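For reference, the structure discussed in these notes is given below.
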Number of protein chains: 2
Amino acid sequence: MRQWHELLARHAAVFGALEAKLQKRHGIGVNEFEALERLATCEYKCRAADLTQAAQLSQSTTSRLIARMEREGLVERAMCDMDRRGIFVMLTEAGRRLYAQAKPTHRAVLEEVLGAGD
Amino acid sequence: MRQWHELLARHAAVFGALEAKLQKRHGIGVNEFEALERLATCEYKCRAADLTQAAQLSQSTTSRLIARMEREGLVERAMCDMDRRGIFVMLTEAGRRLYAQAKPTHRAVLEEVLGAGD
DNA sequence: TTGCATTAGATGCATCTGCATGTACTGTCT
DNA sequence: AGACAGTACATGCAGATGCATCTAATGCAA
């Protein structure tokens with residue numbers, strides 16, 4: 001019970017802070033960043049379903065997230081030749097650059113909020 | 001970093017489970033429940049702003065949450081005579097009943113997910 | 001091969017969300 | 001009293017979300 005409210009408060013604090021700073025400094029949200037991070041750490045390409053799990057999203061949210069990021073030129077979709085129902089998602093140069101810029105911001109916020117939050 | 005992903009996963013797990021069970025069994029979401037709980041534990045009435053803090057919501061979300069719950073007959077709004085900008089919110093009989101029904105569900109889910117999640 | 005259950009991802013729809021702003025009221029300062 | 005900054009809540013709007021559903025592709029079985 002107290003655990004739950006602490007979890008709720010902690011999540012709201014960290015998520016909110018991340019969302020605000022990432023949005024202001026780089027124009028992306030937490031979900032976008034998580035996706036960028038997942039894509040940057042797997043080499044080359046990555047199934048859409050992997051992003052779903054990495055960012056704790058629902059299937060439809062992931063689908064639209066990818067669409068949004070594609071529109072903004074951060075990722076590209078590619079046919080998955082192993083299973084033609086699926087798609088591969090990969091970072092563009094712009095996506096890789098944005099991730100490199102946003103990563104320090106992300107880490108700084110975590111440091112600050114998780115560190116101070118105790 | 002690992003802390004953050006654990007927090008994210010944990011929150012998604014608990015919040016998702018609560019949302020699903022509360023929705024299916026009682027037709028309310030997590031935010032509605034948190035509001036009911038806050039209103040049931042303060043005696044009689046409660047300022048709108050209190051709900052904002054209790055459920056970690058934004059101001060506008062709280063305003064609409066109250067409107068929704070009022071529409072569903074769970075709460076009532078009353079003028080706040082101390083400060084006529086503010087409003088008091090109070091449970092109706094139906095709201096109190098629903099809280100009594102939903103509380104065991106809520107506790108059971110927490111027990112289950114927080115207990116097993118370690 | 002044909003049929004059927006299953007899976008990956010896309011999408012329509014209703015709903016929810018935050019942001020910015022609007023309205024009404026308060027308290028303070030002059 | 002009058003002006004004005006600040007606070008409590010409501011709301012228009014654009015964008016995000018989940019749910020249910022759709023389409024296309026897979027794999028298994030008859």
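Owing to the predicted nature of the structure, the values given are computational and were not obtained by experimental measurement. The chains referred to below are lettered A, B, ... by the order of the sequence lines, with proteins before strands, and numbering in each begins at 1.
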Item to check | salt bridge (charged side-chain N to carboxylate O under 4.0 Å, His left out) involving A:Glu6 - partner list, sequence neighbours excluded | outcome: A:Arg2
Contacts under 3.5 angstrom, residues 56-67 of chain A side chains, donor-acceptor by atom type, not counting sequence neighbours:
| residue | atom | partner | partner atom | Å |
| --- | --- | --- | --- | --- |
| A:Ser58 | OG | A:Thr61 | N | 3.3 |
| A:Ser58 | OG | A:Thr61 | OG1 | 3.0 |
| A:Thr62 | OG1 | A:Thr52 | OG1 | 2.9 |
| A:Thr62 | OG1 | A:Ser58 | O | 3.0 |

Next on the checklist: Test: side-chain hydrogen bond (donor to acceptor under 3.5 Å, both in side chains). Region: residues 25-34 of chain B. Which pairs qualify, not counting sequence neighbours?
Outcome noted: A:Trp4-B:Glu34, A:His5-B:Glu34, B:His26-B:Thr105, B:Glu32-B:Arg68
Next on the checklist: Expressed as a whole number of angstroms, how long is the span from A:Met79:CE to C:dA10:P?
Outcome noted: 9 Å
Item to check | Contacts of B:Ala78 that satisfy side-chain contact (heavy atoms from CB on, under 4.5 Å) - sequence neighbours left out | outcome: B:Phe88, B:Met90
Checklist entry - Taking atom C1' of C:dA8 as reference, at what distance in whole Å does atom CE of A:Met82 sit? => result 16 Å
Next on the checklist: From NZ of A:Lys24 over to C1' of C:dA20, roughly how many Å is that when rounded to an integer?
Outcome noted: 16 Å
Any protein N or O atoms within reach of nucleotides 2-6 of chain D? Criterion: under 3.5 Å, listing atom names and distances.
| residue | atom | partner | partner atom | Å |
| --- | --- | --- | --- | --- |
| D:dG6 | N2 | B:Arg85 | NH1 | 2.8 |

Distance-only criterion, 3.5 Å: show the donor-acceptor pairs between side-chain atoms of residues 16-24 of chain B and protein atoms not counting sequence neighbours.
| residue | atom | partner | partner atom | Å |
| --- | --- | --- | --- | --- |
| B:Glu19 | OE1 | B:Val30 | N | 3.2 |

Contacts under 3.5 Å, N or O only, protein and nucleotides 10-18 of chain D:
| residue | atom | partner | partner atom | Å |
| --- | --- | --- | --- | --- |
| D:dA10 | OP1 | B:Arg77 | NH1 | 2.3 |
| D:dA10 | OP2 | B:Ser63 | OG | 2.7 |
| D:dA10 | N7 | B:Gln59 | NE2 | 3.1 |
| D:dA10 | N6 | B:Gln59 | OE1 | 2.9 |
| D:dG12 | O6 | B:Arg64 | NH2 | 2.4 |
| D:dT17 | OP1 | A:Asn31 | ND2 | 3.3 |
| D:dT17 | OP2 | A:Arg68 | NH2 | 3.0 |
| D:dG18 | OP2 | A:Ser58 | OG | 2.6 |
| D:dG18 | OP2 | A:Thr61 | OG1 | 2.0 |
| D:dG18 | N7 | A:Ser60 | OG | 3.3 |
| D:dG18 | O6 | A:Arg64 | NH2 | 2.6 |

Item to check | Partners meeting side-chain hydrogen bond (donor to acceptor under 3.5 Å, both in side chains) with B:His11 (sequence neighbours left out) | outcome: A:His11
Checklist entry - Within this structure, what is the CG-to-C1' distance between B:Asp81 and C:dT26, rounded to whole angstrom? => result 15 Å
Checklist outcome for this item: Contacts of B:Glu76 meeting salt bridge (charged side-chain N to carboxylate O under 4.0 Å, His left out) (sequence neighbours excluded), chain-then-number -> none
Checklist outcome for this item: In short, A:Cys80 meets A:Gly86 closest at the heavy-atom pair CB-O, 3.5 Å
Item to check | Partners passing side-chain hydrogen bond (donor to acceptor under 3.5 Å, both in side chains) against B:Arg77 (at least two apart in sequence or in another chain) | outcome: B:Glu70
Checklist entry - What integer distance in Å separates A:Asp83:CG from D:dA25:P? => result 10 Å
Next on the checklist: Let's see if you get this right: which residues in residues 11-21 of chain A place a heavy atom under 4.0 Å from DNA chain C?
Outcome noted: none
Next on the checklist: Tell me the interatomic distance from B:Leu51, atom CG, to D:dA8, atom C1', rounded to whole angstroms.
Outcome noted: 13 Å
Item to check | Nearest-0.5 Å distance, CE of residue B:Met69 to CG of residue B:Leu74 | outcome: 5.0 Å
Checklist outcome for this item: In short, side-chain hydrogen bond (donor to acceptor under 3.5 Å, both in side chains) pairs touching residues 84-95 of chain B with sequence neighbours left out are B:Asp83-B:Arg85
